[in-house]
Each structure stands twice: as C-alpha cells, then as structure tokens.
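First the structure, in the form of structure tokens, and then the observations on it.
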There are 2 protein chains.
Amino acid sequence: MVTIKDIAKQLGISVSTVSRALNNHSDIKKETKLKVLETVKKLNYRPNSIARSLIHQRTFTVGLMIPDITDPFFSTIAVGAQELLSEQGYQVIIGNTLRDKDKEKHFIDSAIERKMDGLIVTPDHLDEELIELLANLSIPVVFLRRKPPKKLKLPYVDVNHYKGACEAVEHIISLGHRKIGYLGMPLESQIAIDRFQGYKDTLQKYDIPYIKDFIKLTGGRTIQSGRETMDQFIPKLPQMTALFAYNDLLAIGALESLAHHHIRVPEEISIMGFDDLEISSLYWIQLSTMSQPRNQMGRYAAETILKMMNPSVTNEIPEYIILDSTLVQRNTCTHVV
Amino acid sequence: MVTIKDIAKQLGISVSTVSRALNNHSDIKKETKLKVLETVKKLNYRPNSIARSLIHQRTFTVGLMIPDITDPFFSTIAVGAQELLSEQGYQVIIGNTLRDKDKEKHFIDSAIERKMDGLIVTPDHLDEELIELLANLSIPVVFLRRKPPKKLKLPYVDVNHYKGACEAVEHIISLGHRKIGYLGMPLESQIAIDRFQGYKDTLQKYDIPYIKDFIKLTGGRTIQSGRETMDQFIPKLPQMTALFAYNDLLAIGALESLAHHHIRVPEEISIMGFDDLEISSLYWIQLSTMSQPRNQMGRYAAETILKMMNPSVTNEIPEYIILDSTLVQRNTCTHVV
DNA sequence: AACGTTCTCGGTAACGTTACCGAAAGTCGA
DNA sequence: TCGACTTTCGGTAACGTTACCGAGAACGTT
C-alpha cells in the first residue's frame with residue numbers, strides 16, 4: 001500500500017509537510033503543494049481513513065438499525081437517512097436485524113467496537129439488557145418509529161399514529177358509516193396501541209357504540225395473516241359496512257379474502273389501510289390509506305443525529321419530532337349506501 | 001474512552017500483558033487473565049477495532065454496491081450476502097447508487113479510503129473511468145448480475161438470462177401459442193440483449209416467424225412505462241395470443257393496461273414475466289414468470305468474496321457462477337384457445 | 001549446586017496519520 | 001545592517017492496538 005511516507009521519500013521532504021499539503025494548511029509553499037499533489041497522482045496514493053479516524057476519534061460512520069431492508073417501508077426510511085448523511089460525508093452502515101434480539105445486540109456491539117459516531121435505531125426487543133447497552137453508549141443515539149423508555153432520554157422521530165388513526169376513522173365516519181370494524185395487531189407495541197386507541201376514541205367521539213365482535217387481531221403482519229383473519233370476519237360481515245386495518249398489508253390481505261368470497265369493495269364494504277405502501281396504489285388494489293412520510297422520517301432522524309454529532313450553540317437538539325400522516329383517498333372507501 | 005492502558009494501569013501490569021490476555025495467547029498465567037477479564041467488565045472496556053485494523057491491515061468490512069435498496073430485487077440479494085458475511089464477522093456496507101455514475105465512483109473511492117477488504121458490485125455505468133478505478137483496486141472484487149469487461153478478469157455471479165428467456169418462451173410455445181410478442185427494454189444492457197436473444201432464438205427453433213410489429217421496447221423499468229407501452233400494443237393485439245415481458249414490472253404494467261381495456265388475461269392473451277417479485281404473487285396478479293434465485297445470488301457472491309479475501313490452497317476461486325432461473329406457473333399463461 | 005527448560009511478563013516498535021512545537025530561511029522597514 | 005516578523009519546513013509524540021524479542025522467575029534434572 002502506498003502511504004504518505006512513500007510520497008515524502010519520493011520528494012525528499014518530511015511526512016508532516018506532505019500531510020499539511022494534503023490537508024490544505026496555510027503554512028506550506030504553493031510550489032511544494034503542487035509537487036505533492038503531482039506525486040499523489042503518480043503513485044495513486046489514497047489517504048487511509050482508518051489512521052485518520054484513530055487520531056481524530058471520529059469515523060464518519062453512522063449505524064442505522066432497522067428490522068428488515070426487504071420491507072419497502074424501512075428501505076425508504078433508510079434511503080432518506082442515507083441521502084442526508086452521505087451529503088455530509090458520513091457512511092451509513094445498515095444493520096438488518098430481522099427483529100431478532102441477538103442481532104440487535106450484536107449490531108450495537110459492533111457499533112461500539114467500530115467506533116461509529118452515531119446510531120439511529122428502531123429496536124423491536126427493548127428489554128432491560130438492550131436498554132442497559134444503549135444507556136452506556138457514549139455516542140449519540142436517535143430512536144426511530146419508537147419512543148425510547150424514559151430511562152434513556154433520547155430524541156426520537158415518529159409519526160403520530162394515534163392522530164393518524166383518528167383521522168382515518170373520522171374519514172370513514174364522514175362517509176356515513178356507523179358500523180366500522182378494526183383489523184389489527186395484538187397490543188404489544190406502542191404503535192398497535194396508539195392506532196387502536198385512535199379507532200376507539202374516534203368511535204366514542206361520534207357516539208358510535210364499540211362492538212367487540214367488530215374487532216379482530218391477527219398474529220403476523222403479512223398479507224397472508226390479514227387474509228386469514230378476514231376469513232374469520234366474513235360470517236359477521238353483513239353488520240359491518242367499513243373496516244379500518246392496522247396497516248396496508250393486513251388491508252390487502254382483507255381485500256384478497258373479500259375478493260375470494262365475492263364481496264365487492266367498496267360497494268358492500270369499505271376498507272381503509274395505513275402506511276401507503278407502493279403496492280397499495282396498484283391498479284387492482286387502489287387502497288385508501290394513511291400515508292406516512294417515510295423518506296422524511298429518515299431525513300429527520302439523520303438531521304437530528306447530525307446535530308448531536310456536531311454540537312454547537314445554535315443547534316438545538318429536539319426532544320422529539322412527530323410527523324403527521326396524510327389521508328390518501330383511492331377506491332376502497334366510499335359513501336355508505 | 002476506556003482503553004487497554006486503563007486496564008493495565010488499574011492492575012499494575014503492562015499493556016502487552018493485557019493484550020495477550022484478551023487475545024487468548026498461551027503465554028499468560030490463568031490468574032492474571034482472569035483478573036484482566038474482570039477489570040474489562042468493571043470498566044466496561046471495548047476493544048477498538050479501528051486500532052486493530054490499522055495493525056492487521058484488515059477492516060472486516062465488505063462493500064456492496066447496488067442500484068437501489070428500495071427495489072426488493074436488490075434488497076433480497078443484499079440480505080443473502082449479508083447473512084453469510086456477518087456470520088464470518090464481516091460488516092457489510094451497502095452503497096445505494098440509484099444508478100448514478102458519480103455515486104458509483106464515490107462509493108468505490110470510499111471503499112478504498114476506508115480500506116474495505118472486498119467489494120461486491122453491480123455497476124450500471126461501466127465506462128472507462130470506472131473500469132480504470134476497479135482495475136487499480138488492490139482488493140478482491142466480485143461482479144454481480146453483470147459480466148465484467150474482459151480487461152478486468154474478475155469473477156462474477158449471475159443468472160442465465162438467455163436460458164431463462166428460452167425456457168419462458170418455450171413454455172409459452174408448449175401451450176400452443178405461435179403469435180408471441182415481446183415487451184422489452186432497449187438493448188443497452190447485456191441482460192436486455194440476452195433475454196431478447198433468447199426470445200428470438202426460441203422462436204426460430206420452433207420455426208415461428210419473427211414479426212417486428214410484435215416487439216415493443218420501453219424507456220423505463222417501471223410498471224408505469226410497461227403500462228404505457230402496452231397501450232401502444234393494444235391496436236395490434238388481435239394477432240397476438242401471448243406476450244413475453246422483459247421483467248415482472250413491465251408485465252404487471254401490461255396487465256394494468258389490458259385490464260383497463262377490458263381484455264381478459266389469460267383468455268384473450270397470455271402474459272409471461274421475469275424475476276418473480278413479491279407482488280407478482282398477489283391475488284389479483286398471479287403472474288406466471290421466471291423466478292430468479294435472488295437470495296442465493298447474494299450468498300454466492302459473498303461466498304466468492306470470502307474465498308478471495310481468505311486465500312488458501314484448497315479454496316479455488318470460480319471464474320463465474322451462473323445460476324438457473326425456474327419457471328413459476330401461475331394464472332396469466334394458459335393454452336391458446 | 002549448576003544447568004537447561006518452561007512459564008510469564010515488560011519494553012519497544014510499528015500500523016498511517018495528524019497536532020504541535022520549534023527552527024531555519026526569507027522578507028521588510030528603519 | 002539589524003531586528004522583527006512571516007513563511008516554510010522537520011522532528012516528535014500521539015491515537016489504541018499488537019508483534020516481537022528478550023529477560024527474569026520458577027521448575028525439574030543431573
């Protein structure tokens with residue numbers, strides 16, 4: 001490998017002079033600087049950022065821990081974060097955890113040992129061990145899509161799931177529906193709780209009775225599980241005129257089930273999703289849904305971590321950034337007949 | 001930051017002894033080793049892999065350059081590569097180029113400066129400059145989804161696009177079709193050339209005349225552009241009984257267009273795709289297609305780069321790995337009436 | 001008791017780079 | 001021509017770690 005020493009030797013000058021030439025210091029003659037740059041090209045020298053990192057105690061890398069890059073939801077967030085960070089010279093290291101606890105822990109370990117400058121995380125398994133790990137971290141951390149436990153006192157970026165659910169249900173109600181079901185996830189995550197609460201509170205706000213038979217919770221977060229759960233819904237269907245799903249995947253699963261049972265959407269039942277995935281705008285689906293600003297979430301998380309990594313008086317670090325989701329009206333939600 | 005020095009100081013021993021304790025060397029007393037490990041825990045010491053890299057001249061990082069992580073096609077490849085590499089202690093750094101030439105160049109630059117141990121690339125803009133850059137690289141490089149130019153002499157992993165196209169068209173023919181159109185990409189990439197050639201050669205093999213009007217090439221690789229191009233096809237449609245599309249996105253665009261024009265698939269026309277995306281198995285689409293072993297491609301690329309990074313006599317480095325695609329029969333391809 | 005062997009440890013240099021300090025050379029005005 | 005200042009450079013130490021060599025202690029053998 002060609003190093004700064006080789007250049008110094010070649011020109012008969014010292015390494016410190018070469019270093020200064022390469023880093024645009026002022027105390028160097030223009031002539032020698034040019035000679036150095038010339039030799040750099042000739043020898044195809046490339047600075048070793050490893051050595052640089054060791055001195056500066058900065059690696060210009062940021063870790064981004066997400067559950068699944070295969071999921072367009074998260075990859076879009078990742079792209080948003082990456083765009084901003086790479087503009088600032090940071091390398092983004094994606095940790096794909098597949099919602100596996102050991103992988104989450106392993107990634108944070110690796111972030112410590114590789115001396116990343118910051119960390120953006122969407123942890124799934126936030127148990128005592130992981131909290132302890134994050135608490136002892138000496139680098140900035142931003143939470144994404146999850147409020148950090150009080151103990152941690154870290155900034156976070158999320159959308160207002162509660163408000164989004166309220167608006168979704170409110171829209172359904174504004175179309176005249178009164179018998180509105182909910183197809184959701186078990187109340188194990190805060191997001192699931194918030195969206196369900198939004199559903200319930202909005203019903204109450206409009207004096208619509210809460211009917212337990214209109215609620216069905218699924219196991220997985222896949223189209224398949226949405227479909228299977230909807231199959232169980234079908235018998236009670238005549239009473240229901242609209243259904244609010246926890247997310248687009250479940251909604252699409254429901255659409256599959258309904259199509260399979262020859263129940264017309266939206267004529268016989270209206271369906272509302274949450275997320276606005278790419279596939280939701282497909283010709284055959286055209287799902288009405290709440291769109292989340294995914295790319296922006298990534299960007300805001302990046303912006304926050306940048307502020308934390310480069311502290312200055314003028315840069316206030318926000319406690320949290322809560323974004324709004326927006327209603328996207330397509331073809332699965334219409335006036336009750 | 002707590003370093004190896006702090007541990008040495010705390011115990012009144014030398015840093016080299018601590019280092020040997022941490023690296024399982026034999027010339028150390030069990031007693032002192034235990035004391036060291038104890039202090040490591042007490043002080044929450046973490047080895048600094050940056051410093052380690054500097055000495056060992058290895059960073060245990062591998063760069064993975066892909067056009068778009070948002071595309072499930074590439075993210076699945078990435079996951080496959082990541083699985084294998086992280087098992088071996090490597091960190092994967094994903095470079096999302098968005099098919100932008102500057103970003104490709106920038107990522108390779110960054111790979112050099114950060115002293116990555118290896119590189120897996122799917123370059124889009126393989127011009128002289130980029131070839132030169134790759135040629136001067138002192139680290140192993142594996143090409144993915146693209147044959148490297150002769151000048152480079154690097155191993156590559158790909159599927160046999162020609163053979164896949166042949167099998168697809170052969171399957172269509174076996175269903176009795178003789179009037180088979182092609183909806184493709186401009187012949188700018190090798191993949192586009194191979195698939196088109198497979199289409200043409202198979203027609204010839206079965207003495208089916210090649211009709212120019214049955215060929216339409218699109219601009220983009222999106223559903224949208226597939227749809228728009230299909231709209232132009234519609235007038236000539238009565239003569240055609242089947243259509244082979246360059247990939248699933250174009251095929252789905254075609255399905256949209258056909259649905260919009262109330263032309264029934266597969267009753268009036270059969271459609272065949274290539275790639276087997278997740279959405280192709282959706283209830284409303286059920287696209288017959290050629291499935292590419294995406295995860296495996298990533299794994300093989302990882303396996304190859306691992307062999308190159310850890311040379312030994314027993315490990316032969318393959319010149320190339322060509323995988324087969326497999327026919328997935330769904331509902332868009334049926335017997336001609 | 002003297003010897004060779006094994007076990008255990010410390011000191012030093014090195015990886016590639018930059019910060020810092022001091023010194024030599026050049027410049028300028030009086 | 002002299003001092004003061006500026007310009008330009010080199011040497012050294014440091015970042016955190018490991019490889020290498022040599023030395024002392026402990027041990028057993030004759």
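The sequence lines fix the lettering, A, B, ..., with proteins before strands; numbering per chain opens at 1. The structure presented is a predicted model; accordingly, all values stated were derived computationally and were not measured.
Residues that satisfy the side chain to side chain donor-acceptor pair (under 3.5 Å) test with Gln10(A), not counting sequence neighbours, are absent from this structure. By the ring pair (Phe, Tyr, Trp, His ring centres under 6.0 Å) test, Tyr45(B) pairs with no residue at all, sequence neighbours left out. Residues passing the side chain to side chain donor-acceptor pair (under 3.5 Å) test with Thr76(B), sequence neighbours excluded: Arg294(B). Every residue two or more places apart in sequence or in another chain that forms a side-chain contact (heavy atoms from CB on, under 4.5 Å) with Pro140(A) is listed here: Ile305(A), Met308(A), Met309(A). For Arg299(B), the side chain to side chain donor-acceptor pair (under 3.5 Å) partners are Glu83(B), not counting sequence neighbours. Every residue meeting the ring pair (Phe, Tyr, Trp, His ring centres under 6.0 Å) condition with Phe60(B), not counting sequence neighbours, appears here in chain and number order: Tyr90(B).
Spacing between atom CZ of Arg20(B) and atom C1' of dC20(D) amounts to 11 Å, rounded to whole angstrom units.
Salt-bridge check for Arg46(A) with Asp109(B): passed, with a basic side-chain N closer than 4.0 Å to an acidic carboxylate O.
Non-hydrogen atoms lying under 4.0 Å from DNA chain D are contributed by Ile28(A), Lys29(A), Thr32(A), all within residues 28-50 of chain A.
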Grab the N/O contacts between the protein and nucleotides 23-25 of chain D below 3.5 Å, and write none if there aren't any.
none

Check nucleotides 12-15 of chain C for protein N or O atoms closer than 3.5 Å to its own N or O atoms and list the pairs.
from: dC15(C); atom 1: OP2; to: Lys5(A); atom 2: NZ; distance (Å): 3.4
from: dC15(C); atom 1: O3'; to: Gln57(B); atom 2: NE2; distance (Å): 3.4

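End-to-end axis angle of the helix from dA1(C)-dT30(D) to dA30(C)-dT1(D), from C1' rotation axes over five pairs per end: 50° (rounded to 10 degrees).
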Scan nucleotides 22-27 of chain C nucleotide by nucleotide, 5' to 3', and note B when protein non-hydrogen atoms come under 4.0 Å of the base, S if they reach only the sugar-phosphate, - if neither. ------
All N/O donor-acceptor pairs, side-chain side in residues 35-42 of chain A, below 3.5 Å, sequence neighbours left out:
from: Thr39(A); atom 1: OG1; to: Lys35(A); atom 2: O; distance (Å): 2.7

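Here Tyr156(A) contributes atom OH and Ile321(A) contributes atom CD1; the two are 11.0 Å apart, rounded to the nearest 0.5 Å.
Between Ile28(B) and Thr17(B) the shortest heavy-atom distance is CD1-O, 3.4 Å.
Side chains of Gln91(A) and Ser110(B): a donor on one and an acceptor on the other come within 3.5 Å.
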